[in-house]
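This one's a predicted model, so the numbers in the text were calculated from it and none came from an experiment. Sequence lines set the chain letters: A, B, ... in the order given, protein chains first and strands last, and positions in each chain run from 1.
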Amino acid sequence: MNSFFKAVLLIGVMGLAACTNPDRYGAGGPGGAGGIDSSGLGANDPDSPAYFQQTIGDKVHFAVDQHTLTAEAQATLARQAEWLIGHPSYSALIEGHADEQGTRIYNINLGERRANAVREFLISRGVAGNRITTISYGKERPLALCSQESCYAQNRRAVTVITAGAGV
Amino acid sequence: MTLTRVPFVRAAAVALALLAPAVAAEAQNGPLRIEITEGVIEPLPIAIPDFVAETPAAAEMAQQIARLVAADLVGTGLFREVPKDAYISRITSFDSPVQYADWKAINATGLITGAVGLGTDGRLVVKFRLHDVFSDTQLGEGLQFAGTTSSWRRMAHKVADAVYSRITGEGGYFDSRVVFVAETGPKGNRKKRLAIMDYDGANVQYLTDSSAIVLAPRFSPTGDRVLYTSYESGSPQIMMIDVASVGRRTLLPAGEGMSVAPSFSPDGNRVVFSIARGGNSDLYILDINSGVQTRLTDAPSIETAPSFSPDGRFVVFESDRSGSQQLYIMPASGGEARRISNGAGRYGTPVWSPRGDLIAFTKQNKGRFHIGVMRTDGSEERLLTASFLDEGPSWAPNGRVIMFSRESQGENGAPALYSVDISGRNTKRVPTETFASDPAWSPLLP
């Protein structure tokens with residue numbers, strides 16, 4: 001029993017420590033600008049991550065259970081690739097997401113497929129592979145919360161998060 | 001905590017007493033016996049008077065233990081409790097002869113008598129007997145459990161397990177725990193923690209903090225460790241946590257890709273899971289002690305959510321190699337996979353029953369989610385539930401009950417835990433203080 005109480009105390013301390021950390025997603029939440037301060041010149045500065053996020057477009061969307069890139073997604077990603085090539089001091093983290101209509105583990109795998117489809121496309125447009133990492137959130141981080149297709153369509157997404165650093 | 005279990009009475013001719021025809025008795029007054037596989041069951045009336053306090057200090061506990069035994073049994077949907085105000089006899093001494101006529105008169109088919117003693121050293125001793133009222137006899141021997149007062153719930157569960165076992169012929173499941181994901185916060189940014197509780201929601205302990213997303217925990221065969229998927233390192237990785245010390249570790253070297261959905265082999269030495277790299281997910285088996293990894297599948301599709309057969313020879317998993325999620329079984333040593341799901345819709349999260357006879361799964365069809373079971377050859381598919389979103393079945397230790405997550409819809413939608421019999425009866429919410437998902441049942445505790 002003693003070890004259990006120690007464990008509870010330990011978890012309590014860990015919880016407190018976690019609370020003092022800044023939001024791990026940065027101000028923009030899971031789809032945001034990777035914690036980079038985008039308050040300065042903001043979206044009007046074509047060299048800023050905020051410009052990438054808002055003007056170029058950091059999100060592409062997918063059909064139900066699909067990871068193929070639509071023509072619209074390819075157009076967005078072509079612009080993303082161009083920006084990344086012109087801004088070699090930044091890297092990209094591709095987040096893959098799914099809507100809630102699927103089992104948790106399958107959706108994690110589906111999100112990984114989506115993130116990877118985006119990564120491959122960016123590489124095919126000339127972005128160095130070592131500048132692009134992927135992560136899947138499956139259905140864990142929905143952007144739109146209703147349980148209707150209007151929300152599901154927004155959640156079936158891959159988000160390109162710009163981070164400082166030239167790659168791994 | 002130690003629990004000792006000793007028979008203290010030799011009962012005579014138990015099996016004979018069971019089988020002896022209760023001559024011309026009405027159905028309700030038949031033998032103290034439930035066949036769980038029957039289609040519709042009239043709950044068996046059973047009397048559970050407060051246990052006798054053998055020391056004054058044990059009075060409150062004697063009452064609480066009897067109430068918990070009753071809650072366990074009534075909670076199965078197989079029993080109903082005869083109301084106390086109908087009692088004719090009172091049980092004031094554990095060893096006095098039972099006046100069976102008094103219990104027959106109120107149609108109690110079964111009667112549980114018990115006694116609780118509390119030693120000056122804080123040691124709790126619980127004794128009970130199960131009576132087959134219409135046969136004027138005891139069913140099985142009396143049993144005695146001893147432990148610390150803090151383990152009183154476990155002792156009550158053990159009494160209920162013994163009663164359930166004797167009447168149904170099945171193993172019990174009340175003295176067991178459930179590991180699950182406790183969830184708090186808004187739908188768009190849920191905080192998740194691994195937690196463990198008794199099967200009935202009591203005694204919750206948190207194993208991790210909420211700084212990283214955690215998913216899909218699974219108990220080891222002895223209940224001492226839990227495998228799960230965590231975002232602690234940034235991306236999803238399989239981890240193992242020791243329940244007693246809450247010490248945790250990753251199981252794979254960094255840079256292996258995204259690993260998810262780990263599950264123990266029946267001997268507790270191996271883990272089956274999936275790794276995804278470059279948009280493709282395949283199954284692997286890891287030997288925990290040597291660290292050696294064996295690749296099980298090599299297909300361009302998503303192979304994931306694996307579960308061992310109880311003999312360790314096979315693995316059931318889901319794959320979308322046919323174009324949609326379906327269930328497959330393959331040898332754990334590698335080889336060809338055989339598709340077992342054949343109905344309309346998509347099938348995922350297969351889990352092999354501890355009895356070996358059935359596979360539980362999540363089915364998605366026409367916008368609804370179901371928990372279902374099928375035989376290991378895919379035949380006799382039965383859907384047990386239907387809702388906006390049911391998923392992630394886990395078997396009770398006796399293979400008769402399934403616990404799963406049910407999520408409500410909309411902006412305030414949230415998950416909760418439910419259980420259902422494999423007959424499809426008795427769907428009910430398992431109480432938790434937070435939202436909860438991904439339950440996994442432990443084996444029966446020793």
- Message: Out of His67(A), Arg119(A), Glu120(A), Glu100(A), return the one with the most heavy atom pairs under 4.5 angstrom to chain B.
- Response: Glu100(A)

- Message: Main chain of Ala73(A), side chain of Thr70(A): is a donor-acceptor contact present, judged purely on distance under 3.5 Å?
- Response: yes

- Task: Heavy-atom distances under 4.5 Å only: say whether Arg277(B) touches chain A with side chain, backbone, both or neither.
- Result: backbone

- Message: Using a 3.5 Å distance criterion without hydrogens, assess whether the side chain of Asn155(A) forms a donor-acceptor pair with backbone atoms of Lys139(A).
- Response: no

- Query: What residue in Cys151(A), Gly138(A), Ser147(A) has the most heavy-atom pairs under 4.5 Å with chain B?
  - Reply: Ser147(A)

- Do the numbers put Arg193(B) on top of the ring of Tyr206(B), so that NZ or CZ is under 6.0 Å from the six-membered ring centre and no more than 45° off the axis? yes

- Report the relative orientation of the aromatic rings in Trp83(A) and His87(A); use parallel for angles under 30°, tilted for 30 to 60°, perpendicular for over 60°. parallel

- Heavy-atom nearest pair, Pro262(B) first then Leu227(B), reads CG-CB, 3.8 Å

- Contact winner vs chain A - Gly278(B), Ala305(B), Gly247(B), heavy-atom pairs under 4.5 Å: Gly278(B)

- Among Gln364(B), Gln325(B), Arg190(B), Glu407(B), the residue with the most heavy-atom pairs under 4.5 Å to chain A is Gln325(B)

- Greatest number of heavy atom pairs closer than 4.5 Å to chain A - which of Asp438(B), Asn412(B), Thr349(B): Asp438(B)

- Message: Counting heavy-atom pairs under 4.5 Å with chain A, which one of Ser274(B), Ala216(B), Ala276(B), Ser405(B) comes out on top?
- Response: Ala276(B)

- Residue Glu303(B) versus chain A: region with a heavy atom under 4.5 Å: neither

- Query: Looking at Val260(B), Leu215(B), Leu389(B), which has the largest count of heavy-atom pairs under 4.5 Å with chain A?
  - Reply: Leu215(B)

- Option in Ala117(A), Ser136(A), Gly111(A) with maximal non-hydrogen atom pairs under 4.5 Å from chain B: Ser136(A)

- Item | Heavy atoms from other residues, nucleotides or ligands near CD of Glu149(A) exceed 12 (cutoff 6.0 Å) | yes

- Query: By side chain to side chain donor-acceptor pair (under 3.5 Å), which residues pair with Thr76(A), not counting sequence neighbours?
  - Reply: none

